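One structure is given here, and the rest of the page talks about it.
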Protein chains: 2
Amino acid sequence: MIRTTDSRSADAAARALYGGARMSEQRSLIARAVLSATGAFTADELHHRLRETSPGLGLATVYRALAAMHAAGGVATVGERGGSALLAHCVRDDHHHHLVCTSCGDVISVDCPLGETALAAAARAGHLVTRHEITLYGLCARCLRAGGGA
Amino acid sequence: MIRTTDSRSADAAARALYGGARMSEQRSLIARAVLSATGAFTADELHHRLRETSPGLGLATVYRALAAMHAAGGVATVGERGGSALLAHCVRDDHHHHLVCTSCGDVISVDCPLGETALAAAARAGHLVTRHEITLYGLCARCLRAGGGA
DNA sequence: ACTGAAAGTGAGAAGCATTCTCATCTTGGA
DNA sequence: TCCAAGATGAGAATGCTTCTCACTTTCAGT
Ligand SMILES: [Mn+2]
Ligand SMILES: [Mn+2]
Ligand SMILES: [Zn+2]
Ligand SMILES: [Zn+2]
């Protein structure tokens, strides 16, 4: 039986999030917390979770580790909540966006809705779109079944 | 000759931005600055501009006036730059988004690209999209002609 | 025009997320 | 093993935005 919590594969998965950079005990813990998170989280939330088993872990270290994972592409900013950035583990490597469940925090990957139509309209008006940010908020299938249909 | 700076119509336009609320000398000045801005601006930028002719104007007053206009619908958050919110005068009352020129700050109104296709895809997966944020960045026609084609 | 309660103002303090500083560990290749 | 580069933790610092409070202004009702 192969377990996803196997220490060898867990280490490899955690290490991969940093893109081959140096690994510390703290960064390993933080990466595992990111991998085991069910949905989106803020830096502070992750810090609180980690504090339960690692009381000495600093908040700045969490921020630094998340920035490193973000740079390596394993973590994405998927929205914001109450003034804090919402992050999540993101494996998809093609261009896409995220739907964040405002009830449970789950993150659903969505294809980019900016198609030929939208970009062509901008081009027709003489403009050039070089970058865009799209975030969807709503309810995931589970939360919609649970309470949205009442 | 009818001038856009006619005091009667300027007052009316400024007043309209607040949605009929009480009007002070400061709010009038701030509303005119919003109306005369060519594109997007931060609260601090607007404050600096206003300071040139109204040295006593407080930054908190600018923030409060912008919040009031935002609530009334005459001002929209159109993006962010360097950690500050980018605002702009927005008259369009139907659902739309904004393309901000990263060169000159001009704001171009764009139709919402989230069509049936995108929403249906989410619905098919059992999700419900209740809210979304879309911001485009790029170059306006003028800036594209000026430097983008070099 | 007068009055007064509600609303607005200015200065600075306060909040809050995030980043920086710096002295002190760790890590991992040589 | 050695050590230079990198990571850590605590708290200071930063920067945008909001709040507090004493004071002033607005305007609906008279
Ligand atoms: Mn993703
Ligand atoms: Mn608009
Ligand atoms: Zn959910
Ligand atoms: Zn431009």
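Chain naming here is simple, since letters A, B, ... match the order of the sequence lines and numbering starts at 1 in each. Since we're looking at a predicted model, the values are computed, not measured.
Remark: C1' of D:dG15 and NE2 of B:H48 are 13 Å apart, rounded to the nearest angstrom. The CG atom of A:L59 sits 17 Å away from the P atom of D:dA7 (whole-angstrom rounding). Distance CD (A:E45) to P (C:dC16): 16 Å, rounded to an integer number of Å. In this structure, B:I30 places its CD1 atom 12 Å from C1' of C:dG10, rounding to the nearest Å. B:R27 places its CZ atom 6 Å from the C1' atom of C:dG8, with the value rounded to the nearest Å. Put simply, OH on A:Y18 is 14 Å from C1' on C:dT27, counting in whole angstrom units.
Judged by distance alone, with hydrogens and angles left aside, the side-chain atoms of A:Y137 form no donor-acceptor pair with the main-chain N or O of A:G79 at under 3.5 Å. Remark: side-chain polar atoms of B:H132 are not paired, donor with acceptor, to backbone N or O of A:T135 under 3.5 angstrom.
Near DNA chain C, defined here as any heavy-atom distance below 4.0 Å, the residues from residues 60-74 of chain A are A:A60, A:Y63, A:R64, listed numerically. A heavy atom closer than 4.0 Å to some atom of DNA chain C occurs in A:G83, A:S84, A:A85, these being the qualifying members of residues 78-87 of chain A.
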**Message:** Please encode protein proximity along nucleotides 24-30 of chain D as a string of B, S and -, counting only heavy-atom distances under 4.0 Å.
**Reply:** --BS---
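Rounding to the nearest 0.5 Å gives a distance of 12.0 Å between CD of B:E45 and CG of B:L50. To the nearest 0.5 Å, the span separating CG on B:L46 from OG on B:S36 amounts to 8.0 Å. Rounding to the nearest 0.5 Å places OG1 of B:T61 at 11.0 Å from CG of B:L29. The distance from atom OG1 of B:T102 to atom CG of B:L136, rounded to the nearest 0.5 Å, is 12.0 Å.
Between A:V107 and A:A88, the closest heavy-atom pair is CG2-CB, 3.9 Å. The minimum heavy-atom distance between B:H97 and B:C112, with the atom names listed, is NE2-SG, 3.4 Å. Heavy-atom minimum distance, B:L57 versus B:Q26: CD1-CG, 3.5 Å. The minimum heavy-atom distance linking B:S109 with B:H96 is given by the pair OG-CD2, 3.6 Å.
Under the 4.0 Å criterion applied to side-chain N and carboxylate O atoms, A:R51 and A:D44 are not assigned as salt-bridge partners.
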